[in-house]
J.: 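After the structure tokens below, expect a handful of questions from me.
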There are 2 protein chains.
Amino acid sequence: MSQHRHPGAPGRAGAVPALPDLPEATVARLPEYLRALHNLADAGHETVSSEGLANAAGVNSAKLRKDLSHLGSYGTRGVGYDVALLIEQIESVLGLTQCRSVALVGVGNLGHALAGYDGFASRGFRIAALFDADPARVGEEINGLVVRHVDELPRVAAEQLISIGVIATPASAAQAVADQLVAVGVTSILNFAPCVLSVPEGVDMRKVDLAIELQILSFHEHRKASLTALPGTAGSALTALPGGLAATDTQEAIGT
Amino acid sequence: MSQHRHPGAPGRAGAVPALPDLPEATVARLPEYLRALHNLADAGHETVSSEGLANAAGVNSAKLRKDLSHLGSYGTRGVGYDVALLIEQIESVLGLTQCRSVALVGVGNLGHALAGYDGFASRGFRIAALFDADPARVGEEINGLVVRHVDELPRVAAEQLISIGVIATPASAAQAVADQLVAVGVTSILNFAPCVLSVPEGVDMRKVDLAIELQILSFHEHRKASLTALPGTAGSALTALPGGLAATDTQEAIGT
DNA sequence: AGGCGCTTGTGAAGACGTGCACAAATCGCG
DNA sequence: CGCGATTTGTGCACGTCTTCACAAGCGCCT
Ligand SMILES: NC(=O)c1ccc[n+]([C@@H]2O[C@H](COP(=O)([O-])OP(=O)(O)OC[C@H]3O[C@@H](n4cnc5c(N)ncnc54)[C@H](O)[C@@H]3O)[C@@H](O)[C@H]2O)c1
Ligand SMILES: NC(=O)c1ccc[n+]([C@@H]2O[C@H](COP(=O)([O-])OP(=O)(O)OC[C@H]3O[C@@H](n4cnc5c(N)ncnc54)[C@H](O)[C@@H]3O)[C@@H](O)[C@H]2O)c1
């Protein structure tokens with residue numbers, strides 16, 4: 001992945017924050033830290049050690065410290081990190097201090113679930129508009145939002161600034177929708193359709209593909225099966241645990 | 001990620017296939033190649049060059065060749081790869097030659113969408129059972145499958161071999177559900193709940209988290225905004241493309 | 001048969017990510 | 001005031017992944 005290293009960009013940011021050019025792997029973990037921190041805050045913790053937070057987020061403590069050090073975070077040696085302060089810092093870095101508007105295109109099977117999901121608002125994202133191409137769906141109201149025809153996208157985008165576009169149409173329509181989103185100035189897209197999309201430089205694309213996840217799991221399942229076929233050691237994977245308690249130390253396969 | 005290198009395991013597999021211990025990054029891309037290959041096959045192509053397939057899958061051609069070389073694939077120099085043969089090879093490596101049964105736990109907002117999704121069957125996965133804890137949902141029929149109470153999991157799992165468990169419950173119930181799945185012998189789990197789950201060694205866990213994807217996009221959006229604030233060069237990201245055609249060469253940010 | 005163009009497979013180098021291990025810093029307590 | 005317990009921040013080494021560049025192989029055309 002050679003992306004996100006925009007070539008001619010000078011290392012300095014505009015005004016106050018002085019963005020320190022975080023490693024992509026770190027960025028991908030910050031949201032997990034953030035969720036763990038919110039849980040800790042709700043539980044009444046004022047501070048947390050790197051070990052504690054790492055456990056709560058399911059990562060190595062050294063990795064966590066390095067990640068936080070990248071954003072110049074201030075922990076106190078011998079004590080740990082101030083939970084509230086760290087939440088503030090991470091939210092600031094992730095750009096979550098302002099509420100971001102999301103446009104959802106394709107209100108079918110999956111689109112309905114997404115439109116009704118409350119996990120958006122709780123993290124500072126607001127579904128600003130719903131679009132579909134099917135006249136039968138246009139006008140339907142979901143969660144207080146009316147489904148509009150996708151042709152109205154330019155007009156709606158002109159009214160309110162759309163931060164992120166979400167594509168939940170069939171794969172055959174996804175590229176066209178992406179082009180439309182880009183045309184109205186959307187520079188971040190999350191795609192649920194199982195296909196590759198081309199977008200111009202400067203537009204960020206992320207993809208969620210259920211089938212791929214299942215196939216990766218299938219591979220490991222296949223591999224485990226052919227390993228238990230004959231080796232003398234360890235066939236314990238198939239036996240259930242004694243109690244219902246899972247071991248708290250292991251966590252496997254987070255390809256992300 | 002130190003996972004998937006099971007320590008004591010000898011390098012040799014059981015019988016025929018001689019699994020060559022693929023790099024994890026390669027495994028994650030094989031499903032994409034597979035989809036691209038199916039598209040090519042449907043379009044009537046008999047062979048494809050690494051360049052052509054790489055384009056269709058949205059990756060670098062050198063990377064694609066190295067990936068395929070890992071599974072000992074036989075392309076022909078000067079010609080390319082036999083599409084049908086390559087499909088067969090990849091499906092065999094991914095363990096897709098046998099149909100895998102999936103158990104879905106949590107038939108709520110998201111669970112309904114998943115249960116009604118036809119992208120499962122088309123890739124060799126079969127939803128074998130639906131479970132929920134809410135008595136009001138038990139008995140409901142979705143897509144020809146009856147929702148059962150989650151307490152019946154052991155009995156159902158004994159009847160049919162479950163390959164993969166999918167968790168679509170609220171986060172508060174996810175760990176308990178994971179424990180139950182592990183207890184009945186499931187060794188691969190796909191989790192949609194926004195939380196970290198502990199599973200014993202030998203069980204593979206993958207996670208799909210919408211909120212994390214949005215927050216990563218938010219970060220890049222934030223970064224782009226503070227870059228366009230003052231630098232003299234390149235403010236072209238905001239201007240729409242000339243036609244509706246997207247450039248075919250760039251693709252950004254696939255953290256997966 | 002021979003040459004030519006095209007494509008694969010891979011060695012090597014570099015970029016990136018991870019985790020250990022330890023010095024430096026801070027707090028609390030005697 | 002000093003000391004020990006604790007925890008952060010990071011230098012360093014290692015493994016993984018990516019990309020370039022090119023020799024070797026294949027088919028086709030003359
Ligand atoms: N349902 C799932 O659980 C699931 C899971 C993973 C991925 N997906 C993928 O998500 C996408 C949507 O899945 P779904 O099950 O909701 O399909 P669906 O057919 O139920 O919904 C698709 C919706 O998109 C609309 N649409 C079609 N063309 C459009 C266009 N050009 N502009 C705007 N809207 C348009 C249709 O009218 C329809 O309402 C598919 O690509 C699917 O492969 C679905
Ligand atoms: N809806 C979305 O678009 C979306 C997107 C991303 C992630 N998620 C996550 O997916 C999960 C499900 O979301 P949802 O919108 O479908 O929620 P939901 O509340 O609509 O559905 C949850 C279902 O799980 C069932 N359930 C609760 N405890 C259970 C248990 N112990 N065993 C079995 N079933 C149990 C409930 O009865 C309910 O039917 C949540 O964790 C959510 O954060 C949802």
Side-chain angles (χ1 to χ4, degrees), chain A residues 1-7 20-30 32-33 45-83 85-86 89 249-256, chain B residues 1-7 20-30 32-33 45-83 85-86 89 249-256:
Chain A
M1 312 298 161
S2 68
Q3 294 85 354
H4 293 299
R5 198 59 71 244
H6 291 195
D21 216 10
L22 300 178
E24 196 60 27
T26 296
V27 174
R29 282 187 294 264
L30 287 182
E32 309 228 38
Y33 302 158
H45 292 73
E46 301 252 321
T47 64
V48 64
S49 70
S50 66
E51 190 73 28
L53 182 53
N55 268 3
V59 301
N60 187 304
S61 74
K63 185 155 39 181
L64 179 128
R65 285 199 299 275
K66 185 151 293 188
D67 283 341
L68 294 187
S69 79
H70 280 129
L71 42 90
S73 162
Y74 287 22
T76 3
R77 303 181 182 213
V79 176
Y81 300 89
D82 182 294
V83 172
L85 180 69
L86 199 48
Q89 290 251 339
D249 53 336
T250 53
Q251 175 98 357
E252 290 213 3
I254 304 178
T256 312
Chain B
M1 316 293 162
S2 67
Q3 294 85 354
H4 291 301
R5 198 59 71 241
H6 292 196
D21 219 8
L22 300 179
E24 195 59 30
T26 296
V27 174
R29 283 187 294 265
L30 288 182
E32 308 228 38
Y33 302 158
H45 292 74
E46 302 252 323
T47 64
V48 65
S49 70
S50 67
E51 190 74 27
L53 183 52
N55 268 4
V59 300
N60 187 305
S61 74
K63 183 152 45 178
L64 179 129
R65 285 199 298 277
K66 184 147 291 190
D67 282 342
L68 294 186
S69 80
H70 280 129
L71 42 90
S73 161
Y74 287 24
T76 354
R77 301 180 184 216
V79 178
Y81 299 89
D82 182 295
V83 173
L85 181 68
L86 199 48
Q89 292 249 340
D249 54 336
T250 53
Q251 176 98 358
E252 290 212 5
I254 305 178
T256 316

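Naming: A, B, ... by sequence-line order, numbering from 1 per chain.
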J.: Please enumerate all protein N or O atoms sitting under 3.5 Å from an N or O of nucleotides 28-30 of chain C, with distances to 0.1 Å.
T.:
none

J.: For Asp82(A) and dT7(D), what is the distance between atoms CG and P respectively, to the nearest whole Å?
T.: 16 Å
J.: Once you round it to whole Å, what is the distance between C1' of dT16(D) and CD of Glu24(B)?
T.: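 From Glu24(B) CD to dT16(D) C1': 11 Å.
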J.: For Asp67(B) and dT16(D), what is the distance between atoms CG and P respectively, to the nearest whole Å?
T.: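 One finds 15 Å between P of dT16(D) and CG of Asp67(B), rounded.
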J.: In whole Å, I'd like the distance from the CG atom of Asn55(A) to the P atom of dT7(D).
T.: 13 Å
J.: If the condition is side-chain hydrogen bond (donor to acceptor under 3.5 Å, both in side chains), which residues does Ser50(B) pass it with, not counting sequence neighbours?
T.: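 If we apply the side-chain hydrogen bond (donor to acceptor under 3.5 Å, both in side chains) test to Ser50(B), skipping adjacent residues, the hits are Arg65(B).
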J.: With salt bridge (charged side-chain N to carboxylate O under 4.0 Å, His left out) as the rule and sequence neighbours excluded, what pairs involving residues 69-83 of chain A come up?
T.: none
J.: For each nucleotide in nucleotides 4-14 of chain C, reading 5' to 3', give B when a protein heavy atom comes within less than 4.0 Å of its base, S when such contact involves only the sugar-phosphate, and - otherwise.
T.: --BBBBBBB--
J.: Here's a test for you: under side-chain contact (heavy atoms from CB on, under 4.5 Å), which of Leu68(A), Asp67(A), Asn60(A) qualifies with Leu64(A)?
T.: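 When side-chain contact (heavy atoms from CB on, under 4.5 Å) is applied between Leu64(A) and each of Leu68(A), Asp67(A), Asn60(A), only Leu68(A) qualifies.
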J.: Could you work out, with side-chain hydrogen bond (donor to acceptor under 3.5 Å, both in side chains) as the rule, every residue matching Thr47(A), not counting sequence neighbours?
T.: none
J.: Return the value, rounded to whole Å, for the distance between atom CG of Leu71(A) and atom C1' of dG9(D).
T.: 13 Å
J.: Going from CZ on Arg29(B) to NZ on Lys66(B), what distance comes out if it is rounded to the nearest 0.5 angstrom?
T.: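 Output value for this atom pair is 11.0 Å.
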J.: Expressed in angstrom and rounded to an integer, what is the separation of Lys63(A) atom NZ from dG15(D) atom C1'?
T.: 13 Å
J.: Please report, rounded to the nearest Å, how far the P atom of dT8(D) is from the CG atom of Leu86(A).
T.: 11 Å
J.: Looking at every heavy atom in both Val48(B) and Leu53(B), which two are closest together, and how far apart are they?
T.: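 Residues Val48(B) and Leu53(B), closest heavy atoms: CG2-N, 3.5 Å.
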J.: According to side-chain contact (heavy atoms from CB on, under 4.5 Å), who are the partners of Ala56(A), at least two apart in sequence or on a separate chain?
T.: Ala36(A)
J.: Hey, which of Leu22(A), Asp21(A), Val27(A) is the one that makes side-chain contact (heavy atoms from CB on, under 4.5 Å) with His70(A)?
T.: Leu22(A)
